[in-house]
Amino acid sequence: MKEGYCKRYAKELLSECEVWAKENGCHEFASDCNIDNIDSFHFHKAMNFTEANRIICFTKML
C-alpha cells in the first residue's frame, strides 16, 4: 500500500469520526501518540490537533 494512500485514508477516517462525534454531542477529540512517533505527531498537527501535554511513562519488572 502506498504511503500517500494511507495518509489520505487516515484523514478521511478522522473526518468521518469527527462528523459522527458532532452528531452525537461531542465537543472535543483527544488523541495521543508515542513521543518518538514523528509521523503521527505531524499528522495530528496537520489535522489541527493542539498539543496539550507530554508525559513519560515508566514500568518496572518485578
**Q** List the atom of S40, the atom of N37, and the distance in Å for their closest heavy-atom pair.
**A** N-OD1, 3.0 Å
**Q** Distance check, rounded to the nearest 0.5 Å: H42 atom NE2 versus H44 atom NE2?
**A** 12.5 Å
**Q** Please name the pair of heavy atoms, one in S31 and one in F49, separated by the smallest distance, quoted to 0.1 Å.
**A** CB-CE2, 3.9 Å
**Q** If every non-hydrogen atom of I55 is compared with every non-hydrogen atom of C57, which pair is closest and at what distance?
**A** CD1-SG, 3.7 Å
**Q** Could you see if F43 belongs to whatever hydrophobic cluster contains F41? Use Ile, Leu, Val, Met, Phe, Trp, Tyr and a side-chain cutoff under 4.5 Å.
**A** no
**Q** Let me confirm one number: the CD-CG distance from E18 to L13, rounded to the nearest 0.5 Å.
**A** 10.0 Å
